[in-house]
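Let me begin by presenting the structure, written as structure tokens, before commenting on it.
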Amino acid sequence: VTMLGAPRASSSASAALAAAVLRGERAQLAKSITVIESKRRDHQVLGAGVLAHCLQDRRGRARIERSFRVGVSGPPGAGKSTLIETLGQAYLRDGVDSATMAQGEGDASRRRLSVLAVDPSSNRSGGSILGDKTRMPELARDPRAFIRPSPSRGTLGGVTRSTQDVIPLCEAAGFDFTMVETVGVGQSETAVEGMVDMFVLVVSPAAGDELQGVKKGVVELADLIVVNKADGDFVAAAQRTVSDYGRALHLTTPKNQFWTPTVVSCSAVTGDGIPALLDQFRAFRTVMDEEEAGSTRKQNRRAQQRVRYLRTMFADRVLDLLADSQHFSSEWAEKQEAVHRGDLSPVEACDQLLERVQFAP
Ligand SMILES: Nc1nc2c(ncn2[C@@H]2O[C@H](COP(=O)(O)OP(=O)(O)OP(=O)(O)O)[C@@H](O)[C@H]2O)c(=O)[nH]1
Ligand SMILES: [Mg+2]
């Protein structure tokens, strides 16, 4: 296997884009996200350059380090988008400062929100005006909010791996609070949990005591469970659902010793329970701002997430390189076929392929 250098983007192009992003120019932020999400290698390289410049910039880096990231996941139709619309407005009004934040850091005039959300029109019939489609009409016209619809629900329920690069880019542009919406489709919850500081599971009141197909593994990932739609005829059902999830939480191993996830109910429509929800955000953020082994828990969590991202990306890219390489592609295809037929076990195939890699020129 020969290692080829990756193409380098003209650093002046990425520097110019990064400068515009750091000035908070929305059109240039949108353009940078588009190149990051692009399948074209030259675009990706340009996008990586923009992010690198933002990380090297002192102000950009400080903004990224101060930010707060919340993942909002849950079954289809649970009210995630509506809840983000309501929560987002409440955030812009009241903030989600942690108790340990320095005076002035949570300056209301500087609050900015980015929302990375699934665009429902891509999978269903719906409206046609951008922003409207995401069910976030108020945020869509608020200059303090930046809404980026994701084109497809895909296998990760609306996030892609590049979302991990898009989040810090929005932050470098001054959007200090990010909410990422994903539809729960198995893989998506794990993926988004690996990108955010706080993972919120949103469900709607259940008719019976079943957990609406939400898997135990997903409940385990949650830092907070929200039973939405606790309004009108759903109030009693919402209370039962709160108890059901409370019991489910008791049966899971806590993700962290420093935080005990709870279940709260609210209504994204009436606003009931929203202040208590923001209080949970603040409490969690406060705990994440506390130090543990020399850095804050948030820093530690993000450091782990970055390394995990690197590992999966590197593994995938190496495989892509190999699969495309002259020396390896036919053997790779053969082994896959043999495993597919059942003539070769995956372990054996893997061992044989690894040997090939080690002895390749
Ligand atoms: N009664 C009530 N209805 C709600 C509430 N929140 C959302 N809804 C309704 O539930 C439906 C789905 O809301 P969305 O916000 O689109 O739900 P979602 O989880 O984002 O849906 P997907 O992105 O398609 O998975 C809409 O008809 C909303 O009006 C709520 O708090 N109370
Ligand atoms: Mg939605």
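By convention here, the first residue in the shown sequence is residue 1. We count ligands from 1, going down the list as the structure has it; atoms in each ligand are counted the same way.
Annotation: cation-pi geometry not satisfied between R356 and F328 (NZ/CZ under 6.0 angstrom from ring centroid, within 45° of ring axis).
For the Mg ion (ligand 2), the N/O/S atoms of S81 include one lying under 2.8 Å.
With a heavy-atom cut-off of 4.0 Å, R135 touches ligand 1 through its side chain alone. Here N228 has side-chain heavy atoms under 4.0 Å from ligand 1, and that is the only part of it that gets that close. If you look at D231 next to ligand 1, the close heavy atoms, those under 4.0 Å, all belong to the side chain.
Every residue meeting the side-chain hydrogen bond (donor to acceptor under 3.5 Å, both in side chains) condition with D316, not counting sequence neighbours, appears here in chain and number order: R161.
Taking CZ from R112 and SG from C170, the interatomic distance works out to 13.5 Å, rounded to the nearest 0.5 Å.
When every heavy atom of G246 is checked against every heavy atom of V263, the shortest pair comes out as N-CG2, 3.6 Å.
Of the listed residues (I274, V227, V269), the one carrying the non-hydrogen atom nearest atom 30 (C) of ligand 1 is V269.
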Inset, instruction - For the pair C266 and V226, evaluate side-chain contact (heavy atoms from CB on, under 4.5 Å) and give the outcome as yes or no after the intermediate values. - result: CA-CA 7 Å; C266 74; V226 177; 3.6 Å; yes
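Within E181, OE2 is the N, O or S atom that lies nearest to the Mg ion (ligand 2).
Near P76, meaning under 4.0 Å from any of its heavy atoms, are these atoms of ligand 1: 25 (O). Close contacts between ligand 1 and A78 involve ligand atoms 19 (O) [criterion: under 4.0 Å to a heavy atom].
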Could you list the donor-acceptor pairs under 3.5 angstrom formed by side chains in residues 46-53, with sequence neighbours left out?
{"from": "H53", "atom 1": "ND1", "to": "G49", "atom 2": "O", "distance (Å)": "3.0"}

